[in-house]
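Below is one structure, written out as structure tokens; comments come after it.
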Amino acid sequence: MRNINLRFVTEEYNDEGMLTSFTPHVPANFNFGYDVVDDIAMNDPDRRAMIWCNPEGEEHVFTFADMKKWSDKTANYLAENGVGKGDFVMVILRRHYQFWFVATALAKLGAVMVPATFMLKEHDLEYRLNGASIKAIVATSVGDIAQICDNVVGQCESVEKLFLVNGAGGGLTPVDEAGNLVIPEGALLGEALSGEQGICAAPIEREGWLDFNTGVLNASADFERRDTLAADPMLMYFSSGTSGNPKMVLHNSGYAIAHLMTAKHWHNVRPDGIHFTIADTGWGKAVWGKYYGQWLMEACVLTYDFDRFHPEEILSLISKYQVTTLCCPPTMYRLMMQTDFDNFDLSSLEYSTTAGEALNPDLFDFWKEHTGLTIFEGFGQTETPITVGNLTGSTPQAGSMGKPVPMYYTRILREDGSLCAPGETGEICISMEHNHAGIMMEYYRNPEKTAEAIYDGWYHTGDTAWFDENGNYWYVGRNDDVIKSSGYRIGPFEIESVLLEHDAVRECAVTGVPDPVRGKAVKATIVLADGYKPSEALTKELQKWVKKQTAPYKYPRVVDYVDALPRTVNGKIRRAVIAKADAEAASVQETAKKNLKEGLI
């Protein structure tokens, strides 16, 4: 280890060893591909970069030298097919190892990577391809996303090239009654793909698509550094909001360096450990936990190319590969809780983190009791790296996001821009007049939305919270999600957190429903756990449960039971869909009452 991360940051600590100052330095020509991946490859070639495996039994251990070689071959192949500086390339590769080749290659070329989930449908994909003028698509053969692409590219004039990656399984290989894999005749799976000669060994044929694996396998590994600037666009995500089309979140290379805060001071990765973040590469959380910060720390990441989450598999992998640091959303931790948890050897684990959903006290306590580890919660967005968190050395309080990270000047503001008092709900805002490396450049091609988010010297996150006397932040909800009822501002997050502690509740979404007296009443839309059925008695039990756990005025006056909650393609619960349906239903009822009163019906 050569501590290359210290080239890009100045840090200060207090006498207790707590981080007090963190100032990123972004050289004008910084390029993650050259200055991190290639630098380690040339000076510490045998250092492990990634352990990759899948349910089919395939396994690869990639060194940084391997990553340099394969990203150089990928860069040459893409360049030969017209991909260059400034081009926007959509990458839909699930958890295939080829994602890391492509991501690094695109950085080296100065192209803009646009990751996307394999769950996109035609409408979603067409909007994204045209909205960003995507020049090329690199997609997996696993699942139906290639067909989805074929269905819409005719309406997307900017798309010039389609590259298809043979995913060689991707966790979708069927099994027989005994649980053994049913390998299609002629398929390259399991041990047949392991080892040096197996990388990119599986070819693919599809009309209109180029065979990525074969092209990269045959490409030259000699690639000269090209001129790129850190300030140039480097990465873009589509971020689904509560309403309207997804926004295009554009980042430059400062975003990569800013994730040092994420990996070093929140995930607590170390160069001789193995970090495991469970995220599909179509989501921003993947580069949070499987790429930028971890490799700046010269650390190895574990990637499991699965399709369906099975907690027993994940727990077994922690033991098998001696994972030292783990990050996954609370839902996954909760599913792990429901296994024969103590039968798994998790003694290698040294640190656990979470983000994205409510971290309930029962989960917090369970993990501590059964592993001896505290779960350190953090907060950030597609537009940012981690901005608020329980950093290493802190003492987390269950349910609190932690404190603002010392990389940014962060405050909770009222609508008029003044500072909130302790206990007062306001919007989390980050100063743009201090260091703001890692904050998005803009919402691409949407100056109106950009101006709504960045103004008066602040980036307005759209997320609301309050802080206590010790400076800990407590999440309330998105601005659009906050329920105003009888003069109270009620955040759905807290109520959802309380409901999730009840054994009957598997998932829930809290919204406001029109109420003639209160303006809005609190409504809980609930997916029940196995073994529970909707009933008036259960509704009353859940209402009492909330009243006992939090302020009584927050309890859900309306409870609705459903089989599934509406979600975005990124898996986030769409509270806005529920609220809109309730508003429309209330409007119909009001119209009917009015017509009845006027004798029209």
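What's counted below: heavy atoms across the whole structure, side chains too, no hydrogens, waters or symmetry copies. Quick caveat, the model's predicted, so the values are computed rather than measured.
Shown here is Asp176, whose CG atom has more than 12 heavy atoms of other residues, nucleotides or ligands within 6.0 Å. Within a 6.0 Å radius of CZ in Arg48, no more than 12 heavy atoms belonging to other residues, nucleotides or ligands are found. Heavy-atom contacts from other residues, nucleotides or ligands closer than 6.0 Å to NZ of Lys161 number more than 12. Atom CD of Gln147 sits in a crowded spot, with more than 12 heavy atoms from other residues, nucleotides or ligands closer than 6.0 Å.
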Steps toward salt bridge (charged side-chain N to carboxylate O under 4.0 Å, His left out) verdict (Lys285, Asp280): CA-CA 8 Å; Lys285 195 63 175 64; Asp280 178 78; over 6 Å; no

Check against salt bridge (charged side-chain N to carboxylate O under 4.0 Å, His left out), Glu496 and Arg575: CA-CA 12 Å; Glu496 290 169 359; Arg575 295 190 189 93; 2.9 Å; yes

Worked check of salt bridge (charged side-chain N to carboxylate O under 4.0 Å, His left out) between Asp307 and Arg94: CA-CA 9 Å; Asp307 180 59; Arg94 299 172 76 101; 2.3 Å; yes

Test salt bridge (charged side-chain N to carboxylate O under 4.0 Å, His left out) applied to Asp232 and Lys85, step by step: CA-CA 10 Å; Asp232 292 336; Lys85 187 174 182 178; 3.7 Å; yes

Step-by-step side chain to side chain contact (heavy atoms under 4.5 Å, CB included) determination, Asp87 to Val112: CA-CA 6 Å; Asp87 291 333; Val112 181; over 6 Å; no

Audit row: Ile526, Glu507, side chain to side chain contact (heavy atoms under 4.5 Å, CB included) steps and yes/no: CA-CA 6 Å; Ile526 294 173; Glu507 292 185 312; over 6 Å; no

Side chain to side chain contact (heavy atoms under 4.5 Å, CB included) assessment of Lys247 paired with Thr450: CA-CA 10 Å; Lys247 300 183 291 290; Thr450 302; over 6 Å; no

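A 4.5 Å side-chain heavy-atom check between Val89 and Val138 finds at least one atom pair inside the cut-off. Side-chain atoms of Thr104 and Tyr291, non-hydrogen and from C-beta on, do get closer than 4.5 Å to each other. Put simply, the side chain of His267 reaches to within 4.5 Å of the side chain of Thr277, judged on heavy atoms. Counting heavy atoms from C-beta outward, Phe276 and Cys328 have side chains that stay 4.5 Å or more apart. Contact of the Trp100 side chain with the Ser71 side chain is not registered, since no non-hydrogen atoms from C-beta on lie closer than 4.5 Å. Here the side chains of Asp39 and Ile4 are in contact, with some heavy-atom distance below 4.5 Å. In this structure the side chain of Val165 never reaches within 4.5 angstrom of the side chain of Ile204, judged on heavy atoms. For the pair Tyr292 and Pro385, the minimum side-chain heavy-atom distance is 4.5 Å or more.
Under a cutoff of 6.0 Å and an axis angle of 45°, Lys135 and Phe88 do not form a cation-pi pair. A cation-pi arrangement is absent between Arg47 and Phe64, since the terminal nitrogen or guanidinium carbon is not both under 6.0 Å from the aromatic centre and inside a 45° cone about the axis.
Remark: the Ser133 side chain and the Arg445 side chain contain an N/O donor-acceptor pair separated by less than 3.5 Å. For the residue pair Glu160 and Asn81, no side-chain donor N or O sits within less than 3.5 Å of a side-chain acceptor on the partner. No side-chain donor from either of Gln381 and Tyr237 sits under 3.5 Å from a side-chain acceptor of the other. Judged purely by distance below 3.5 Å, without hydrogens or angles, the side chains of Tyr443 and Ser239 never pair a donor atom with an acceptor atom. A donor and an acceptor atom, one from each side chain of Thr324 and His275, are nowhere located under 3.5 Å apart. Between the side chains of Asp560 and Thr525, no donor N or O sits under 3.5 Å from an acceptor N or O. There is a side-chain donor-acceptor pair under 3.5 Å between Thr173 and Glu56. With 3.5 Å as the limit, one finds a donor-acceptor pair spanning the side chains of Glu59 and Tyr321. Side chains of Glu80 and Asn76: no donor on one and acceptor on the other come within 3.5 Å. Side chain to side chain, Tyr127 and His123 fail the donor-acceptor criterion of an N or O pair below 3.5 Å.
To the nearest 0.5 Å, the span separating NZ on Lys73 from CG on Leu78 amounts to 12.5 Å. Between the CH2 atom of Trp283 and the NZ atom of Lys290 there is a distance of 11.0 Å, given to the nearest 0.5 Å. The structure places CD of Glu312 at 11.5 Å from CG of Leu317, a figure rounded to the nearest 0.5 Å. To the nearest 0.5 angstrom, Ile137 atom CD1 is 5.5 Å from Leu125 atom CG. Taking CD of Glu58 as the reference point, atom NE2 of His60 lies at 3.5 Å (rounded to 0.5 Å).
With respect to the salt-bridge test (charged N to carboxylate O, under 4.0 angstrom), the residues Lys320 and Glu313 do not qualify. We find that Asp150 and Arg206 are joined by a salt bridge, their nearest charged nitrogen and carboxylate oxygen being less than 4.0 Å apart. Of the charged side-chain nitrogens involved, at least one lies within less than 4.0 Å of a carboxylate oxygen, so that Asp72 and Lys108 count as a salt-bridged pair.
Among the candidates Phe99, Tyr97, Trp70, the single residue satisfying the ring pair (Phe, Tyr, Trp, His ring centres under 6.0 Å) test with Phe62 is Tyr97.
A parallel orientation is assigned to the rings of Tyr34 and Phe223, their planes being inclined by less than 30° (bins at 30° and 60°).
Every side chain to side chain contact (heavy atoms under 4.5 Å, CB included) that Arg506 has, sequence neighbours left out, goes to Val527, Ala529, Asp530.
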